[in-house]
Amino acid sequence: YPNPFNPDLNIKYEVPLSGLVNLKIYDIRGKLVEEIFEKYQFPGQYNVVWSAKNISSGIYFIKMQALNQTQTRKVILLK
C-alpha cells in the first residue's frame, strides 16, 4: 500500500512456515526490474519498503515465492 504509489511502496506479507522467501518486481512486459530479497525467513508477518525513485511510471507486478507457493500482485507507480 498505497496503490497507486509514489515513490515508496510498503509491501506487507505473511510467511506461514519457515523457508526460503523470494520477492521480485517485474514490469508489464515480464522483465525483472529488481530483486528485493531472497532469504530464509521464519513464520510471521513482515513489511518491506520498495523505493521506486529511479523507476518510470507504469504497472508493475510484485511476485513472492515461499516454499512451493507463488503469489503475484499488481501495483501502479504514478509520478
Side-chain angles (χ1 to χ4, degrees):
Y1 72 89
N3 191 16
F5 71 99
N6 176 20
D8 295 328
L9 177 67
N10 289 304
I11 303 168
K12 291 187 176 186
Y13 63 96
E14 184 173 345
V15 177
L17 300 170
S18 295
L20 187 63
V21 179
N22 188 310
L23 188 66
K24 296 180 181 180
I25 308 291
Y26 293 88
D27 67 12
I28 192 78
R29 292 174 268 136
K31 180 182 174 190
L32 178 65
V33 173
E34 184 174 344
E35 182 172 5
I36 305 297
F37 64 79
E38 181 175 27
K39 61 184 173 182
Y40 188 90
Q41 290 188 311
F42 294 100
Q45 295 183 357
Y46 295 89
N47 184 51
V48 64
V49 177
W50 178 49
S51 178
K53 292 178 183 172
N54 298 322
I55 307 292
S56 302
S57 294
I59 297 173
Y60 294 90
F61 295 92
I62 303 166
K63 182 178 179 183
M64 185 182 102
Q65 293 179 296
L67 301 173
N68 53 353
Q69 296 183 358
T70 301
Q71 188 174 40
T72 304
R73 297 282 162 96
K74 179 175 82 170
V75 294
I76 300 170
L77 171 60
L78 292 177
K79 289 191 174 185

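Side chains included, hydrogens not; waters and symmetry mates left out as well; all remaining heavy atoms used. Worth saying up front: this structure is predicted, and the values here are computed from it rather than measured.
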Measure the spacing between [atom1] of [X] and [atom2] of [Y] and express it to the nearest 0.5 Å.
X: Lys24; Y: Glu34; atom1: NZ; atom2: CD; answer: 12.0 Å
X: Phe61; Y: Lys31; atom1: CZ; atom2: NZ; answer: 16.0 Å
X: Gln65; Y: Asn22; atom1: CD; atom2: CG; answer: 5.5 Å

Provide the closest heavy-atom pair for [X] versus [Y] in the form atom of the first, atom of the second, distance.
X: Leu78; Y: Asn6; answer: O-CB, 2.8 Å
X: Pro16; Y: Pro43; answer: O-CB, 3.7 Å
X: Ser56; Y: Leu77; answer: O-CD2, 3.2 Å
X: Leu32; Y: Glu35; answer: CD1-N, 4.4 Å

**Among Ile59, Ile55, Val33, side chain to side chain contact (heavy atoms under 4.5 Å, CB included) partner for Asp27** = Val33
**Prompt:** Taking it one step at a time, do Lys39 and Val21 satisfy side chain to side chain contact (heavy atoms under 4.5 Å, CB included)?
**Reply:** CA-CA 6 Å; Lys39 61 184 173 182; Val21 179; 5.7 Å; no
**Test item: Asn3 side-chain N/O and Ile76 main-chain N/O as donor-acceptor pair under 3.5 Å** =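 Yes; judged by distance alone, with no hydrogens or angles, the pair exists.
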**Request:** Please lay out, stage by stage, how Tyr13 and Gln41 fare under the test side chain to side chain donor-acceptor pair (under 3.5 Å).
**Result:** CA-CA 12 Å; Tyr13 63 96; Gln41 290 188 311; 3.0 Å; yes
Find out if a path of hydrophobic residues (ILVMFWY) with successive side-chain heavy-atom gaps under 4.5 Å connects [X] to [Y].
X: Val49; Y: Tyr60; result: no
X: Tyr46; Y: Leu17; result: no
X: Val48; Y: Val15; result: yes

**Request:** Please say whether more than 12 non-hydrogen atoms of neighbouring residues, nucleotides or ligands are located less than 6.0 Å from CD in Gln69.
**Result:**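 Count not over threshold, so no.
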**Asked** Considering residues, nucleotides and ligands other than Phe42, do more than 12 of their heavy atoms fall under 6.0 Å from its CZ?
**Response** no
**Asked** Do the non-hydrogen side-chain atoms of Asp8 and Trp50 ever get within less than 4.5 Å of each other?
**Response** no
**Request:** Output, in order, the C-alpha distance, side-chain angles, deciding distance and verdict of side chain to side chain contact (heavy atoms under 4.5 Å, CB included) for Ile62 and Ile11.
**Result:** CA-CA 9 Å; Ile62 303 166; Ile11 303 168; 4.0 Å; yes
**Fill in**
Residue pairs meeting salt bridge (Lys or Arg N to Asp or Glu O under 4.0 Å), one or both in residues 61-79, sequence neighbours left out, come to none
**Message:** Test side chain to side chain contact (heavy atoms under 4.5 Å, CB included) on Thr70 and Met64; report intermediate values, then the result.
**Reply:** CA-CA 6 Å; Thr70 301; Met64 185 182 102; over 6 Å; no
